[in-house]
Protein chains: 2
Amino acid sequence: MARPSLYPDTREHILATGEELIHGRSFTALGLTELLSEAGVPKGSFYHYFKSKEDFGVAMLTRYFSGYRERVGGLLTDGSVGNGRERLLAYFQQWLDNHARCEAQSCLAVKLAAEVSDLSEPMRVALDEGMLAIVQRLAACLREGQTDGSIKPSLPPDDTAYALYSLWLGAALMYKTQHSLQPLQAAMIHTQGLLLPCSAA
Amino acid sequence: MARPSLYPDTREHILATGEELIHGRSFTALGLTELLSEAGVPKGSFYHYFKSKEDFGVAMLTRYFSGYRERVGGLLTDGSVGNGRERLLAYFQQWLDNHARCEAQSCLAVKLAAEVSDLSEPMRVALDEGMLAIVQRLAACLREGQTDGSIKPSLPPDDTAYALYSLWLGAALMYKTQHSLQPLQAAMIHTQGLLLPCSAA
DNA sequence: AGAATAATAGACCGATCGTCTAGTTGCAAG
DNA sequence: CTTGCAACTAGACGATCGGTCTATTATTCT
């Protein structure tokens, strides 16, 4: 081919650096200069790999959700440990643990959704698709739980999946403003109550 | 005194304009030049009324939440129409209706929480206080509902208030990415299910 | 060896950012 | 009518923004 890359995969390295930095500032406030100096990549390279900052943003979101599905999607998949109910609870427990462990970390959906939806249509779509996939995974897991008898069949799976995901998105958002686990713990208590059999069919 | 103001209250006028504009862009992306030209206020005046953009941001948030409490807090207050359960449902129904009516409108908490929490500590605090006040109002309303018998007493009021508010925050966030009422409608269905008596004490 | 090309390098562009200071304006007291 | 002074404003400031451009470097294929 040609000249060797600075890194095994420079494009990937820029995206990873962006994902790290974005937790601390908004997408608009994340300057290319800062991003590239942090990544140790010259500016000329950026526009070799991305046609614009927006294009970079889309790629970062796509990459993030793809990685998220790999890391966390397995937890929810049928055939993994436990029944449907246990898998859902494990998923949300991990969500809580992530925040308890490291303060800065938060999911990109929470961090960027509000800003990016108004800023860039392509980025909005990338976000939407990524989030929708999670909701669908949750809905599937709810159905599996209803089949295996661990989740009461009266819950509408799709609406409940939306509600659960919304609940945890909002709790993560409040965690950011409050710097306290209380919203997330309340979400966990509520989730446990919802997924517990309630005698009502 | 001295020279008369351009508007009866120029500072207030700038804040109101900011609140309008912020729905369409992030706080970082909202430039002072744009804000002031939209408001019809000369640029030089800005630092007469605010000591910095951050100071303006804090004032905008404080003003917003103060107005929000006036407009919407009454709906939740004891002594208003209906029992506790009906008042809560009316509050969230209005939340849904607001989104159904006008696409652009969304609450400032949803729009700014993620961005501002990392950007500015004073703005984060303003946001936190405003949101906390709403959660406390919800919790009070839950307690009132438990007293008047319209809400089942097994629900922990504080955690449930957090969960309800998180749920609707998250649903509003997803509304922004999805451009669809589905998340909000799912939140409403879930809320109705939660506030319905369930025989389980 | 030489052509082709992928990637790096960073100076540079106009626009816009938030901020600041020097200045003008208009009313009130003398 | 003047002067004092606070309220307000005009516009410049340096920094930084996203983006472009030309040049150079290192590699592979012919």
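Each chain gets a letter, A, B and so on, in the order its sequence line appears, and its residues count up from 1.
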Identify, between A:K51 and A:A29, the residue whose nearest nucleotide on DNA chain D lies closer to the 5' end.
->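 The residue whose closest nucleotide sits nearer the 5' end is A:A29.
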First encountered from the 5' end of DNA chain D, between A:G44 and A:T28 =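 The residue mapped nearer the 5' terminus is A:T28.
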Rounded interatomic separation in angstrom, taking [atom1] from [X] and [atom2] from [N]:
X     : N      : atom1 : atom2 : value
B:H13 : D:dC8  : NE2   : C1'   : 15 Å
A:L36 : D:dG19 : CG    : P     : 12 Å
A:E34 : D:dG18 : CD    : P     : 10 Å
A:F56 : D:dG18 : CZ    : P     : 10 Å
B:F46 : D:dC13 : CZ    : P     : 22 Å
A:I14 : C:dA7  : CD1   : C1'   : 11 Å
A:L35 : D:dC17 : CG    : P     : 11 Å
A:Y49 : C:dT5  : OH    : P     : 17 Å

Looking at [N], I'd like to know if its phosphate oxygens (OP1 or OP2) sit under 4.0 Å from a side-chain N or O belonging to [X].
X     : N      : result
A:T10 : C:dA7  : no
B:H48 : D:dA7  : no
A:S45 : C:dA7  : no
A:Y47 : D:dG19 : yes

Name the nucleic acid region contacted by A:G31, choosing base, sugar-phosphate or nothing; use a 4.0 angstrom heavy-atom cut-off, strictly under.
->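 Result for A:G31 = sugar-phosphate.
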Using a cut-off of 4.0 Å on non-hydrogen atoms, how would the nucleic acid contact of A:L30 be classed: base, sugar-phosphate, or nothing?
->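 Sugar-phosphate contact only.
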Hey, does the side-chain of A:K53 have a donor or acceptor N/O within less than 3.5 Å of a partner on the base of D:dG19?
->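 Checked by distance alone, the answer is no.
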Would you call the rings of A:H190 and B:H190 parallel, tilted or perpendicular, where under 30° means parallel and over 60° means perpendicular?
->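 Rings of A:H190 and B:H190: perpendicular, over 60°.
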Taking only distance into account, with no hydrogens and no angle test, what donor-acceptor pairs under 3.5 Å do side-chain atoms of residues 60-67 of chain A form with protein atoms, sequence neighbours excluded?
unit_1, atom_1, unit_2, atom_2, d
A:T62, OG1, A:V58, O, 2.8
A:R63, NH1, A:E12, OE1, 3.3
A:R63, NH1, A:E12, OE2, 2.3
A:R63, NH2, A:E19, OE1, 3.1
A:Y64, OH, A:L108, N, 3.4

Cation over ring face, A:K53 and A:F27, 6.0 Å, 45° =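 The answer is yes; both the distance and angle limits are met.
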Taking A:C141 as the fixed residue, which of A:L164, A:L88, A:I151 is the one that meets the side-chain contact (heavy atoms from CB on, under 4.5 Å) rule?
->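 With A:C141 as partner, A:L164, A:L88, A:I151 yield a single side-chain contact (heavy atoms from CB on, under 4.5 Å), made by A:L88.
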Return the nearest nucleotide to the side chain of A:K43; candidates are D:dT9, C:dT19, D:dT20.
->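 Out of D:dT9, C:dT19, D:dT20, the nucleotide with an atom closest to A:K43's side chain is D:dT20.
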Return the nearest nucleotide to the side chain of A:T33; candidates are C:dT8, D:dT9, D:dC17.
->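 Nearest to the side-chain atoms of A:T33, counting from C-beta on, is D:dC17.
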Quick one: do B:L30 and B:L35 satisfy side-chain contact (heavy atoms from CB on, under 4.5 Å)? Show the steps, please.
-> CA-CA 7 Å; B:L30 172 60; B:L35 168 66; 4.2 Å; yes
